[in-house]
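So the structure is just underneath, and the comments pick up after that.
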Amino acid sequence: VIKIAIVGFGTVGESVARILTNDPREQLSLSMIFNRNVQRKKVDWISSDVVWTEDFEVVLESDVDVIVELVGGMHPAADWLEAGLAAGKAVVTANKQVIAEHGSELITRSVDVGRPLLFEAAVAGGIPIVRGLNAGLAGDSIIHILGLLNGTCNYILTRMAVAKIAFETALKEAQQKGFAEADPTADVDGGDAGAKLSILTAIGLGCPVSVGDIPMDSIRPVEYVDFSYADRLGSTIRQVARAKVVEDKKDAVCASVGPMLVPQDSELARTQGSENIVVVTGNRGGRTAFSGHGAGGDPTAVAVVSDLMEIAMVGQVRTAWPTERAQGNVQVDYDAKHYLRFVVVDAPGILAKIAAVLSRYEINVDSILQEPGWSKSELPFVVTLEHCNTSSVRAALSEINGLGFHAKKPLWLPILDRGES
Ligand SMILES: NC(=O)c1ccc[n+]([C@@H]2O[C@H](COP(=O)([O-])OP(=O)(O)OC[C@H]3O[C@@H](n4cnc5c(N)ncnc54)[C@H](OP(=O)(O)O)[C@@H]3O)[C@@H](O)[C@H]2O)c1
């Protein structure tokens, strides 16, 4: 039997305590709960044997075997994980921020002290993707990871498509229903998915990268009209996190987070509402998809309790984090088809001017789409591009941005190939 301290009795902490109380496992015993101002956190359904404390030193000095860190944020959580290992405790955490930034040091520390550090809940909540990469697909050599890792973005984008509403309206709805934080920055601008992607890149592709090196684009500029153009292209829009090994380079990956057009018949498009999906491609095994609830107290608590069960049954388990490898490089330039949406003050010759800049960068236009019935003073139309490098599109767009006919900043979305999704 292992004795457990829950550190942080919030949404996930409470759900973990409920599983351990209502659905007890003979190997797991909840013995301590830590939170600031703990008095107001006490609930009557927890056994009277459990010690409540607001002093972290009491946790460290106790006889608990495992510290379950569920306070979130970088500080003091990172120090508490380190202190827990130093005190000879096993550690389980749901903290993507800390693992994305300090995974290498913490796993090294965990190996040095001979105590496990597990973090299944830090990526895609209840979906067992860390264990899937670490154990289930360990026999393969993974080359590509593609995911919808942020339920808030998926909820907002699917609501925009289905209810034909603006980003702000969908965001408010997500906040009212508890799918989005009051401050949605980390979700909609890509930081949350970026942290999860950097963890998957380390354990899946064997290349640890800094979250700050992953290019991230916000979903904020996506408008309803983009879904109607995407529909004409047989696609929809999702916030996609992806990482791919760069051929012949062990220390580099191509990675990004941001809105993309994805084919309507793909697994990514079929992932609706707040659900998550991760599609992993291996050299030998091909594609494997993991999908389900990427957040929420109960699904996330399931991942935490699964880590606890593994520690109870196996003992010193180790996540395959490449601690011996220096931080890899993120290549930001990649080849794709592209979607460019312009909103212009209509005048003769606009298309010719855009085409002239694109041809100077040797970019081929694939199609031009324009829905009828829009005002001439804010006329949206779309140009799709054949396969070309993102660096060429970036350079061409910065020239096109300088032309005087825009009513809004153009929107640029990469298009995911059918074979990739
Ligand atoms: N919620 C999800 O769906 C979900 C999904 C996947 C991963 N996660 C991760 O799980 C972790 C916990 O998330 P959560 O949603 O459960 O958060 P939460 O509801 O905000 O709970 C955090 C708890 O920790 C306590 N706490 C925070 N800072 C503290 C400090 N400095 N000292 C003492 N206690 C402190 C809070 O106390 P107060 O009540 O005083 O604030 C609260 O009870 C985070 O790392 C999060 O990223 C969450």
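Order of listing sets the numbers, starting from 1, for every ligand and every atom in it.
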Look at atom CD of E181 and say whether more than 12 heavy atoms of other residues, nucleotides or ligands are closer to it than 6.0 Å.
no

Applying the side chain to side chain contact (heavy atoms under 4.5 Å, CB included) criterion to K96, which one of V123, I199, V211 satisfies it?
I199

Do the side chain of [X] and the main chain of [Y] share a donor and acceptor less than 3.5 angstrom apart?
{"X": "T281", "Y": "G286", "answer": "no"}
{"X": "R238", "Y": "A269", "answer": "yes"}
{"X": "T300", "Y": "G297", "answer": "no"}

Expected rows: ligand 1 N/O, protein N/O, dist below 3.5 Å:
residue  : atom   : partner : partner atom : Å
ligand 1 : 3 (O)  : G296    : N            : 2.6
ligand 1 : 16 (O) : T11     : N            : 3.2
ligand 1 : 16 (O) : V12     : N            : 2.8
ligand 1 : 19 (O) : T11     : N            : 2.9
ligand 1 : 19 (O) : T11     : OG1          : 3.0
ligand 1 : 28 (N) : R36     : NH1          : 3.4
ligand 1 : 34 (N) : R36     : N            : 3.3
ligand 1 : 37 (O) : N35     : ND2          : 3.0
ligand 1 : 39 (O) : K41     : NZ           : 2.8
ligand 1 : 40 (O) : R36     : NE           : 2.9
ligand 1 : 40 (O) : R40     : NH2          : 2.6
ligand 1 : 41 (O) : R36     : NH2          : 2.9
ligand 1 : 43 (O) : F9      : O            : 3.3
ligand 1 : 43 (O) : G10     : N            : 3.3
ligand 1 : 43 (O) : N35     : OD1          : 2.8
ligand 1 : 43 (O) : K41     : NZ           : 2.9
ligand 1 : 47 (O) : K96     : NZ           : 3.2

Residues pairing under side chain to side chain donor-acceptor pair (under 3.5 Å) where one sits in residues 121-132, two or more places apart or in two chains, turn out to be R131-D307, R131-E310

